[in-house]
Novice: 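Before I ask anything, here is the structure I am working with.
Note on naming: letters A, B, ... go to the chains in the order of the sequence lines (proteins, then strands), and numbering restarts at 1 for each one. Reckoned from all heavy atoms, side chains included, excluding hydrogens, waters and symmetry mates.
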2 protein chains.
Amino acid sequence: MQFSFRMPVAVQILLCIAKFDGVFKTTSTFLASSVNINPVIIRKTLGQLKAAGLVEVAAGVGGARLVKEPCEITLQEIFNAVEEDEDLFHIQENPNPQCPVGRNIQQVLGNKLSVVKNHMLNDFAKITLADLLNDINTAEQNRQ
Amino acid sequence: MQFSFRMPVAVQILLCIAKFDGVFKTTSTFLASSVNINPVIIRKTLGQLKAAGLVEVAAGVGGARLVKEPCEITLQEIFNAVEEDEDLFHIQENPNPQCPVGRNIQQVLGNKLSVVKNHMLNDFAKITLADLLNDINTAEQNRQ
DNA sequence: CTCATTGTAAATCATGTTATTACAATGAGT
DNA sequence: ACTCATTGTAATAACATGATTTACAATGAG
């Protein structure tokens with residue numbers, strides 16, 4: 001069990017936009033070939049990132065660009081842009097109300113798990129697009 | 001996108017076993033009625049918890065009991081017992097190797113996310129079955 | 001006006017989770 | 001030794017969700 005493609009795809013999109021800014025026009029088709037995924041998914045994800053105020057997309061002419069600096073874009077923003085705001089775990093909705101465990105499990109376990117999720121979001125908030133861009137560049141240098 | 005039932009179900013099973021120890025025989029059918037889920041899933045989950053050394057199950061006669069004290073059983077153990085050991089996020093397996101972002105994304109993003117996952121597991125390690133049992137009991141008292 | 005591109009809907013495919021049925025194996029109680 | 005409720009497990013079906021694909025109207029620079 002793991003989270004879907006969505007956040008990693010969004011990260012890769014943003015990295016490409018940052019990396020190829022001014023070099024290539026970052027159309028959905030161009031981005032799709034980097035991620036190796038269908039262009040429609042890129043366009044959908046780009047729409048979510050636009051709604052979150054992270055990118056601008058040029059309808060008609062094509063291409064996308066960052067609205068904020070890479071050092072100002074965190075993984076938390078990206079995560080929130082593409083994932084629903086919901087609990088980390090799916091807790092059974094209809095436990096037995098006759099059972100003292102069943103009738104309290106949602107609240108009790110939910111409380112604990114929401115703290116864990118907040119920690120995770122805080123971790124995400126500490127990671128910026130600039131960090132990742134930097135790691136990419138370092139990895140590229142080590143290639144030679 | 002969220003994690004499945006599995007861990008919450010396992011937690012509820014263990015809480016019931018702890019709570020009803022010596023009062024009721026905790027068979028898969030009994031536990032299934034608290035969680036309101038199919039008994040086969042209970043048996044499967046119980047098998048995973050047994051393999052993890054958290055419970056003993058009496059084949060034939062029926063019923064399960066904890067092998068360790070509730071204060072010694074952490075959410076991390078329960079999580080590991082029922083979930084695969086895999087990355088938090090699904091990162092595209094076949095990115096474009098021609099693209100400097102595509103050919104490094106797995107390593108770069110994977111590194112960052114594995115740190116986050118470890119934090120999450122550490123958080124789980126700090127939550128014990130005894131904590132949850134305590135919260136359940138408090139909630140029950142506040143009912144009256 | 002043209003044309004590459006975006007935005008979006010709809011249909012399909014793939015995968016994973018949960019539910020259900022079925023039945024051999026178990027083992028305490030008689 | 002027999003009984004019987006129960007476990008362990010396999011196999012299958014039902015369902016939900018994510019990802020893919022096709023299609024096409026809307027966009028807007030040139």
Novice: Classify B/Ile37 by what it touches in the nucleic acid, base, sugar-phosphate, or nothing, heavy-atom distance under 4.0 Å.
Specialist: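 Here B/Ile37 touches the backbone only, sparing every base.
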
Novice: Using whole Å, what does the distance between atom C1' of nucleotide C/dG16 and atom CD of B/Glu84 come to?
Specialist: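 Interatomic distance, CD of B/Glu84 to C1' of C/dG16: 12 Å.
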
Novice: Within this structure, what is the CD-NZ distance for the pair A/Gln76 and A/Lys126, rounded to the nearest 0.5 Å?
Specialist: 10.5 Å

Novice: Could you write out DNA chain D as dot-bracket? Rules: Watson-Crick or G-U wobble, both distances under 3.5 Å, brackets [ ] for crossings, | for pairs with another strand, dot for unpaired.
Specialist: ||||||||||||||||||||||||||||||

Novice: Distance check needed: C/dT17 P versus B/His90 NE2, whole Å only.
Specialist: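 Result: 11 Å.
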
Novice: On DNA chain C, check which nucleotide each of A/Thr26 and B/Val40 is closest to and give me the residue with the more 5' one.
Specialist: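 Looking at DNA chain C, the more 5' nearest nucleotide goes with A/Thr26.
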
Novice: At what distance, to the nearest 0.5 angstrom, does CD1 of B/Ile42 lie from OG1 of B/Thr27?
Specialist: 9.5 Å

Novice: C/dG27 P sits how many Å from B/Lys25 NZ, rounded?
Specialist: 14 Å

Novice: Look up atom CG in B/Leu66 and atom CG in B/Leu54, then write down how far apart they are to the nearest 0.5 Å.
Specialist: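 Interatomic distance, B/Leu66 CG to B/Leu54 CG, rounded to 0.5 Å: 8.5 Å.
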
Novice: Rounded to the Å, how far apart are B/Ile41 CD1 and C/dT21 P?
Specialist: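 The answer, rounded to whole Å, is 13 Å.
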
Novice: I need the A/Ile13 CD1 to A/Gln48 CD distance, nearest 0.5 Å.
Specialist: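 Here the rounded value is 9.0 Å.
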
Novice: In whole angstrom, give the distance that lies between atom NZ of B/Lys44 and atom P of C/dT21.
Specialist: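 Nearest whole value for this atom pair: 15 Å.
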
Novice: Rounding to an integer number of Å, can you tell me how far A/Gln48 CD sits from C/dT8 C1'?
Specialist: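 From A/Gln48 CD to C/dT8 C1': 13 Å.
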
Novice: In terms of relative ring orientation, are B/Phe79 and B/Phe124 parallel, tilted or perpendicular, with 30° and 60° separating the classes?
Specialist: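 Geometry flag for B/Phe124 against B/Phe79: tilted rings.
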
Novice: Please report the C-alpha distance between B/Asp135 and B/Thr138 in whole Å, then the side-chain angles of each, then the deciding distance to 0.1 Å, and finally whether the side-chain hydrogen bond (donor to acceptor under 3.5 Å, both in side chains) criterion is met.
Specialist: CA-CA 5 Å; B/Asp135 289 355; B/Thr138 304; 5.2 Å; no

Novice: Are the side chains of A/Arg103 and A/Pro95 in touch, meaning some heavy atoms are under 4.5 Å apart?
Specialist: no

Novice: Measuring to OP1 and OP2 of C/dT20, would you say a side-chain N or O of B/Asn38 lies under 4.0 angstrom away?
Specialist: yes

Novice: Round to a whole Å and report the spacing from CD1 of B/Ile42 to C1' of C/dT20.
Specialist: 15 Å

Novice: Identify the 5'-most and 3'-most nucleotides of DNA chain D with at least one atom closer than 4.0 Å to a non-hydrogen atom of chain B.
Specialist: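 On DNA chain D, the outermost contacted nucleotides are D/dA5 to D/dG18.
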
Novice: Under 6.0 Å between ring centres: does that hold for B/Phe5 and A/Phe89?
Specialist: no

Novice: Return the 5'-most residue of the pair A/Ser4, B/Ala58 with respect to DNA chain D, ranking by each residue's nearest nucleotide.
Specialist: B/Ala58

Novice: Whole Å only: how far is the CZ atom of B/Arg43 from the P atom of C/dT18?
Specialist: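 That distance rounds to 17 Å.
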
Novice: Roughly how far, to the nearest 0.5 Å, is CD1 of B/Ile105 from CG of B/Asn96?
Specialist: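 Here the rounded value is 13.0 Å.
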
